[in-house]
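These numbers come from the heavy atoms of this one structure, side chains and all, not from hydrogens, waters or symmetry mates. Quick caveat: nothing in here was measured; it's all calculated off a predicted structure. Sequential numbering from 1 along the given sequence is applied to the chain's residues.
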Amino acid sequence: SSDLRYINSFIASISNTFETMCGLKVSVGKPSLQAGSDEQTDVSAIIGFSGDAVGSVAMCFRFDSASKIATVFAGVDITPEHEDFADALGELANMVAGGAKAKLGGLSVNISLPSVIIGERQRILASRNTPRLHIPCSTDSGSFRVEVGMEICKKQGAATPAATVGANA
């Protein structure tokens, strides 16, 4: 079962990341478990979670929004053909995931490197075991959505082992 109580960590991180890194205010719509039937995705930047929470977060864009947002983020004109297009969007997803991870109070969570998938009209199919929450987001440079499917594996109140030297921060 997906842990919906952590959705606010993602919403706060989306707003914070886009405001600080892109100077964009994000208007966040009501999260839902149902994807809109008309939601189309051309670019997905996906980050996996492991450790006390397992799952993934995906930022999904149409090409036009992805280009405008990548351009604002990078400060140079970035089209889907640009060599830094995937890296810019992957880095934004990385920052959103990292910001959310920092707000997951007391859970030890590792995040993967971003995978960026580019191709017209993709569909991301959720596993039946973990529902995916769809968070619609809009900015002056275009809209996108964030899909979060996450399960908390650590039992509440379980003792956290002491950090070891060299452990991932």
Side-chain angles (χ1 to χ4, degrees), residues 1-22 24-70 72-73 80 85-105 107 109-154:
S1 67
S2 194
D3 275 278
L4 307 186
R5 66 199 143 157
Y6 290 109
I7 201 63
N8 288 335
S9 305
F10 286 92
I11 291 172
S13 182
I14 292 163
S15 295
N16 183 44
T17 299
F18 276 77
E19 207 152 313
T20 55
M21 303 313 300
C22 305
L24 290 173
K25 275 227 183 296
V26 179
S27 162
V28 178
K30 184 174 166 26
S32 74
L33 285 167
Q34 242 13 73
S37 55
D38 58 344
E39 286 183 312
Q40 293 198 341
T41 298
D42 300 323
V43 184
S44 305
I46 302 169
I47 305 256
F49 295 101
S50 60
D52 291 342
V54 175
S56 66
V57 57
M59 289 177 57
C60 306
F61 304 87
R62 299 298 302 270
F63 279 129
D64 56 346
S65 293
S67 296
K68 288 181 190 154
I69 288 169
V72 173
F73 175 56
F85 179 73
D87 284 348
L89 297 168
E91 187 52 35
L92 269 176
N94 191 39
M95 291 173 175
V96 166
K101 170 191 161 174
K103 296 173 167 60
L104 292 176
L107 295 179
V109 179
N110 298 310
I111 59 177
S112 72
L113 292 170
S115 300
V116 180
I117 299 155
I118 299 172
E120 279 182 69
R121 294 196 290 282
Q122 323 164 10
R123 287 169 63 211
I124 298 182
L125 300 175
S127 130
R128 277 201 211 78
N129 306 333
T130 306
R132 295 184 76 80
L133 260 182
H134 297 253
I135 308 169
C137 301
S138 62
T139 73
D140 287 346
S141 291
S143 59
F144 59 96
R145 75 181 184 279
V146 177
E147 297 186 8
V148 182
M150 192 167 80
E151 266 184 81
I152 306 302
C153 306
K154 179 182 170 186

Asker: Which atom pair, heavy atoms only, marks the closest approach of Ala45 to Ala93?
Answerer: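 In this case the closest contact between Ala45 and Ala93 is CB-CB, 3.7 Å.
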
Asker: About how many Å separate CD1 of Ile11 and NZ of Lys103, when rounded to the nearest 0.5 Å?
Answerer: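 Answer for the NZ-CD1 pair, Lys103 versus Ile11, is 12.0 Å.
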
Asker: Roughly how far, to the nearest 0.5 Å, is SG of Cys22 from CG of Leu92?
Answerer: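 SG of Cys22 is found 4.5 Å from CG of Leu92.
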
Asker: Roughly how far apart are Arg62 CZ and Asp42 CG, rounded to 0.5 Å?
Answerer: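 Arg62 atom CZ to Asp42 atom CG measures 5.0 Å (nearest 0.5 Å).
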
Asker: Does the side-chain contact (heavy atoms from CB on, under 4.5 Å) test come out yes or no for Met150 and Phe10, once each step is laid out?
Answerer: CA-CA 11 Å; Met150 192 167 80; Phe10 286 92; 4.1 Å; yes

Asker: Would you find more than 12 non-hydrogen atoms of other residues, nucleotides or ligands less than 6.0 Å from Asp140 atom CG?
Answerer: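 At most 12 heavy atoms, drawn from other residues, nucleotides or ligands, come within 6.0 Å of this atom.
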
Asker: Could you tell me whether the side chain of Ser13 and the main chain of Ser9 form a donor-acceptor pair under 3.5 Å?
Answerer: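 The answer is no, because no donor-acceptor pair under 3.5 Å joins these two groups.
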
Asker: How far does CD1 of Ile46 sit from OG of Ser112, to the nearest 0.5 angstrom?
Answerer: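 That separation rounds to 9.5 Å.
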
Asker: Among Leu107, Leu104, Val54, Asp52, which residue satisfies the side-chain contact (heavy atoms from CB on, under 4.5 Å) criterion with Ile152?
Answerer: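 Among the candidates, only Leu107 passes.
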
Asker: Tell me, do Tyr6 and Val148 make a side-chain contact under 4.5 Å, heavy atoms counted?
Answerer: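 They are not in side-chain contact.
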
Asker: Atom OG1 in Thr17, atom CD in Glu91: separation rounded to 0.5 Å?
Answerer: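 Thr17 atom OG1 to Glu91 atom CD measures 10.0 Å (nearest 0.5 Å).
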
Asker: Over 60° means perpendicular and under 30° means parallel, so classify the ring planes of Phe63 and Phe85, tilted if in between.
Answerer: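 Answer is tilted, since the angle falls between 30° and 60°.
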
Asker: So, Lys101 side chain and Asn110 main chain: donor-acceptor pair closer than 3.5 Å or not?
Answerer: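 Looks like no, no N/O pair under 3.5 Å.
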
Asker: Go through the steps for Phe61 and Thr41 under the test side-chain contact (heavy atoms from CB on, under 4.5 Å), then give the verdict.
Answerer: CA-CA 5 Å; Phe61 304 87; Thr41 298; over 6 Å; no

Asker: Between Cys137 and Val146, is a side-chain contact (heavy atoms from CB on, under 4.5 Å) present by the stated rule, with each step listed?
Answerer: CA-CA 8 Å; Cys137 301; Val146 177; 4.3 Å; yes

Asker: Locate the shortest heavy-atom distance separating Val116 from Ala86; write the atom from each residue and the value.
Answerer: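 That closest heavy-atom pairing would be CG2-O, 3.4 Å.
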
Asker: Can you tell me if Ser56 uses its side chain to pair, donor with acceptor, with the backbone of Gly48 under 3.5 Å?
Answerer: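 A pair under 3.5 Å: no.
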
Asker: Do the side chains of Leu89 and Met59 get nearer than 4.5 Å, heavy atoms only?
Answerer: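 No, too far: nothing below the 4.5 Å cut-off.
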
Asker: Flag the pair Cys60 / Glu147 as yes when at least one side-chain heavy-atom distance between them is below 4.5 Å, and no otherwise.
Answerer: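 Yes, side chains in contact.
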
Asker: Does the side-chain contact (heavy atoms from CB on, under 4.5 Å) test come out yes or no for Ser65 and Phe144, once each step is laid out?
Answerer: CA-CA 7 Å; Ser65 293; Phe144 59 96; 5.6 Å; no

Asker: If you measure from CD1 on Ile111 to CD1 on Ile47, what distance do you get to the nearest 0.5 Å?
Answerer: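 Ile111 atom CD1 to Ile47 atom CD1 measures 5.5 Å (nearest 0.5 Å).
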
Asker: Going by heavy atoms in the side chains, are Val57 and Phe49 under 4.5 Å from each other?
Answerer: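 A side-chain contact exists here, since the closest heavy-atom pair is under 4.5 Å.
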
